[in-house]
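Everything numeric here is computed off the predicted structure, so don't read it as measured data. Keep in mind that the numbers below use all heavy atoms, side chains included, and drop hydrogens, waters and symmetry copies.
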Amino acid sequence: TDIRHFSNLLGVKSKVPVRSPLSISASHLSWTKTGDASFKGDIAVKEGPHISLGFFRRTDRLKVQKLRINDGPSQADMTFELQGKTLGVTFSGELSERTLDKIFEGYQFQDGWARGDFRVNIDLDQPLQSMAQGKIKAHDLTFPSKLKKPLEISDISLDDQKNRVS
């Protein structure tokens, strides 16, 4: 599958493209002339992880109902929802940058990782009004950025029981 064609069809753009070839199975894809699109299925990246994905995109909303990544040491379940100026994210499990490197091309991931069970709702207009629950730890994560340099996180820990981020 030519992933760039598939991404363009769904109206999904990425600064860091997904590696090809992919195999897609047990899937359902739909889109409308108005730009609405949805996908549900299983994706296997050659020599990479197994991914289960379910999402829909509308002009005013993007919701990833299920993103499961399984690659031996990395097993993580995630959801994302962007509607208006509100972003919701859940994360449960463990995910390494080595696994991300097997999925994405053109970006050198390092030895970072994230693990935990976490939920956050972020008000993008008023970030201090955001809510978080659970625990998450991350070490040496690097994210592509629109800036000249990537966003780098050396260590972060959040525990809602202790009501603090460090």
Notebook entry, point to check: Would you say the side-chain atoms of Ser130 pair up with the backbone N or O of Pro127, donor to acceptor, closer than 3.5 Å?
Noted result: yes
Note to self: I need the full list of salt bridge (Lys or Arg N to Asp or Glu O under 4.0 Å) pairs touching residues 87-99, with sequence neighbours left out, sorted by first then second residue.
What the structure shows: Glu94-Arg115, Arg98-Asp111
Next item on the list: Could you tell me whether Lys137 atom NZ has more than 12 heavy atoms of other residues or ligands within 6.0 Å of it?
Entry: no
Item checked: Heavy-atom side-chain proximity of Val120 to Ile136 below 4.5 angstrom -> no
Item checked: Side chain proximity check, Val89 to Met78, heavy atoms < 4.5 angstrom -> no
Note to self: Taking the basic N atoms (NZ, or NE/NH1/NH2) and the acidic carboxylate oxygens, is any pair closer than 4.0 Å for Glu47 and Lys102?
What the structure shows: no
Notebook entry, point to check: Considering only heavy atoms from C-beta outward, does the side chain of Phe56 approach that of Lys40 to under 4.5 Å?
Noted result: no
Check: Between Phe118 and Thr90, is any pair of side-chain heavy atoms under 4.5 Å apart?
Finding: no
Item checked: Heavy-atom check, side chain of Thr34 versus side chain of Thr59, under 4.5 Å -> no
Margin query: Under a 3.5 Å distance rule, please check whether Ser92 uses its side chain to pair with a backbone N or O of Asp77 as donor and acceptor.
Written below: no
Margin query: Checking Ser27 now: which residues fulfil side chain to side chain donor-acceptor pair (under 3.5 Å) with it, not counting sequence neighbours?
Written below: none
Next item on the list: Considering only NZ, NE, NH1 and NH2 on the basic side and carboxylate oxygens on the acidic side, decide whether Arg19 and Asp101 come within less than 4.0 Å.
Entry: yes
Next item on the list: Answer yes or no: is there a side-chain heavy-atom contact under 4.5 Å between Leu53 and Leu67?
Entry: yes
Notebook entry, point to check: Sub-3.5 Å donor-acceptor pair from the side chain of His139 to the main-chain atoms of Ser154, do we have one?
Noted result: yes
